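Notes follow the structure.
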Amino acid sequence: MNAEEFLCQYQDSKARLRRLEEERQGIRDLVTHITPGYGSVSVRHDPNMQKIPDAIIRLEELDKKYSEESRRAVELMGQIHDVIYKVPDSKLREILVMRYILGYQIKRIAVEMKITDRTVWRLQKYAIKQIELIINTSGSNVICL
């Protein structure tokens with residue numbers, strides 16, 4: 001895994017957590033919508049009633065998966081932050097944070113930093129080389145998801 005792939009894991013991890021949360025919410029919505037009301041109408045057999053136990057089991061599985069994914073994401077994100085903050089130049093760090101942590105596009109970074117797109121692109125490439133050096137020389141194990 002190269003340095004850029006390592007850094008891109010930050011946004012990928014956030015996206016996986018978002019998808020899991022959306023799926024969890026969808027199941028919660030399903031369970032609340034299929035719960036029968038016990039009013040004056042007598043309910044003999046409701047096919048939706050059989051969906052509730054399955055939905056609850058699926059929700060428990062997703063909660064466990066979300067918890068595990070969250071733990072790994074926090075560890076990964078911490079490691080990415082640590083590596084970025086080992087880059088000695090503050091301007092390069094700023095570009096790395098905006099690009100890989102905040103997910104900004106090159107054009108937005110250029111506007112924020114008041115430099116050209118080309119300069120951002122060039123500095124980003126140099127920052128990636130710095131990250132590769134840090135990863136290769138530190139001997140630390142980087143997390144790959």
Side-chain angles (χ1 to χ4, degrees), residues 1-39 43 46-145:
M1 168 179 298
N2 66 34
E4 191 161 15
E5 291 168 338
F6 169 68
L7 294 170
C8 285
Q9 289 183 107
Y10 194 99
Q11 291 296 320
D12 294 345
S13 185
K14 283 173 55 175
R16 277 193 303 279
L17 286 173
R18 252 190 324 274
R19 282 191 302 273
L20 280 173
E21 182 54 38
E22 288 169 2
E23 190 175 352
R24 288 169 62 198
Q25 189 58 49
I27 298 221
R28 283 189 194 104
D29 291 346
L30 175 68
V31 170
T32 58
H33 285 92
I34 63 176
T35 303
Y38 298 105
V43 178
D46 184 354
N48 286 332
M49 288 297 292
Q50 295 175 352
K51 293 181 183 178
I52 294 173
D54 293 340
I56 291 171
I57 290 169
R58 179 66 181 141
L59 186 57
E60 289 171 349
E61 291 169 355
L62 283 171
D63 284 343
K64 183 178 178 183
K65 188 174 180 180
Y66 185 84
S67 178
E68 291 169 5
E69 186 69 32
S70 293
R71 182 192 52 76
R72 282 194 312 236
V74 166
E75 188 177 337
L76 169 69
M77 290 171 178
Q79 192 175 47
I80 290 171
H81 276 277
D82 290 347
V83 170
I84 286 174
Y85 285 100
K86 288 180 182 176
V87 173
D89 185 283
S90 64
K91 192 175 218 173
L92 296 180
R93 282 194 309 268
E94 187 176 0
I95 288 171
L96 290 169
V97 167
M98 282 193 238
R99 185 78 172 124
Y100 296 101
I101 304 296
L102 300 176
Y104 290 2
Q105 297 296 318
I106 298 282
K107 192 168 271 316
R108 181 168 180 188
I109 297 170
V111 169
E112 296 271 335
M113 295 183 73
K114 298 178 174 85
I115 56 179
T116 66
D117 296 4
R118 179 76 179 147
T119 301
V120 172
W121 183 84
R122 186 179 47 79
L123 290 172
Q124 176 187 323
K125 293 300 174 194
Y126 183 68
I128 293 293
K129 288 179 183 176
Q130 294 287 309
I131 294 290
E132 285 177 0
L133 286 172
I134 291 166
I135 291 171
N136 292 334
T137 59
S138 69
S140 64
N141 296 333
V142 294
I143 299 172
C144 302
L145 296 180

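Not measured: the values here are computed from a predicted model.
More than 12 heavy atoms of other residues, nucleotides or ligands sit less than 6.0 Å from atom OH of Tyr66.
No side-chain heavy atom of Tyr126 sits less than 4.5 Å from a side-chain heavy atom of Asp89. Within the 4.5 Å cutoff, side-chain heavy atoms of Leu123 are placed close to those of Ile115. You'll find the side chain of Arg118 stays beyond 4.5 Å of the side chain of Arg122, heavy atoms only. Looking at heavy atoms from C-beta onward, Tyr100 lies out of side-chain contact with Ile80 at the 4.5 angstrom threshold. For the pair Arg72 and Ser13, the minimum side-chain heavy-atom distance is 4.5 Å or more. Here the side chains of Val97 and His81 are not in contact, with every heavy-atom distance at 4.5 Å or above. Residues Glu4 and Lys125 are in side-chain contact: their nearest non-hydrogen atoms beyond the backbone lie under 4.5 Å apart. No side-chain heavy atom of Tyr85 sits less than 4.5 Å from a side-chain heavy atom of Ile134.
In this view, Lys14 and Tyr10, Gln11, Arg18, Met77 satisfy the side chain to side chain contact (heavy atoms under 4.5 Å, CB included) rule, not counting sequence neighbours. By the side-chain hydrogen bond (donor to acceptor under 3.5 Å, both in side chains) test, Asp82 is found to be paired with no residue, residues two or more places apart in sequence or in another chain being considered. With sequence neighbours left out, Gln25 forms a side-chain hydrogen bond (donor to acceptor under 3.5 Å, both in side chains) with Asp29. Remark: Lys65 engages Leu20 in a side chain to side chain contact (heavy atoms under 4.5 Å, CB included) (not counting sequence neighbours). Contacts of Asp63 classified as salt bridge (Lys or Arg N to Asp or Glu O under 4.0 Å), with partners at least two apart in sequence or in another chain: Arg24, Arg28. In terms of the side-chain hydrogen bond (donor to acceptor under 3.5 Å, both in side chains) criterion, Ser70 has no residue partners (sequence neighbours excluded). Tyr104 is linked by a side-chain hydrogen bond (donor to acceptor under 3.5 Å, both in side chains) to Arg108, counting only residues two or more places apart in sequence or in another chain. By the side chain to side chain contact (heavy atoms under 4.5 Å, CB included) test, Lys64 is found to be paired with Glu68, residues two or more places apart in sequence or in another chain being considered. Evaluation of the side chain to side chain contact (heavy atoms under 4.5 Å, CB included) rule for Glu23 yields Arg58, Leu62 as partners, not counting sequence neighbours.
In this structure, the side chain of Arg93 does not engage the main chain of Ile84 through any donor-acceptor pair within 3.5 Å.
Atom CD1 of Ile128 and atom CG of Leu92 lie 10.0 Å apart (nearest 0.5 Å). One distance of note links CD1 of Ile131 with NZ of Lys86; it measures 10.0 Å at 0.5 Å rounding.
Of the candidates Lys107, Glu112, Met113, Met113 is the only one forming a side chain to side chain contact (heavy atoms under 4.5 Å, CB included) with Ile109.
Between Leu133 and Thr137, the closest heavy-atom pair is O-OG1, 2.7 Å. The two residues Ala110 and Asp117 come nearest to each other via the heavy atoms CB-OD1, 3.2 Å. Between Phe6 and Gln79, the shortest heavy-atom distance links the atoms CE1-OE1, 3.9 Å. In terms of heavy-atom proximity, Arg99 sits nearest to Gln105 at NH1-CA, 3.6 Å.
Taking the charged nitrogens against the carboxylate oxygens, Lys129 and Glu132 have no contact shorter than 4.0 Å, which rules out a salt bridge.
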Could you walk me through whether Ile101 and Leu96 satisfy the side chain to side chain contact (heavy atoms under 4.5 Å, CB included) test, starting with their C-alpha distance in whole Å, then the side-chain angles of each, then the deciding distance to 0.1 Å, before giving a yes or no?
CA-CA 7 Å; Ile101 304 296; Leu96 290 169; over 6 Å; no
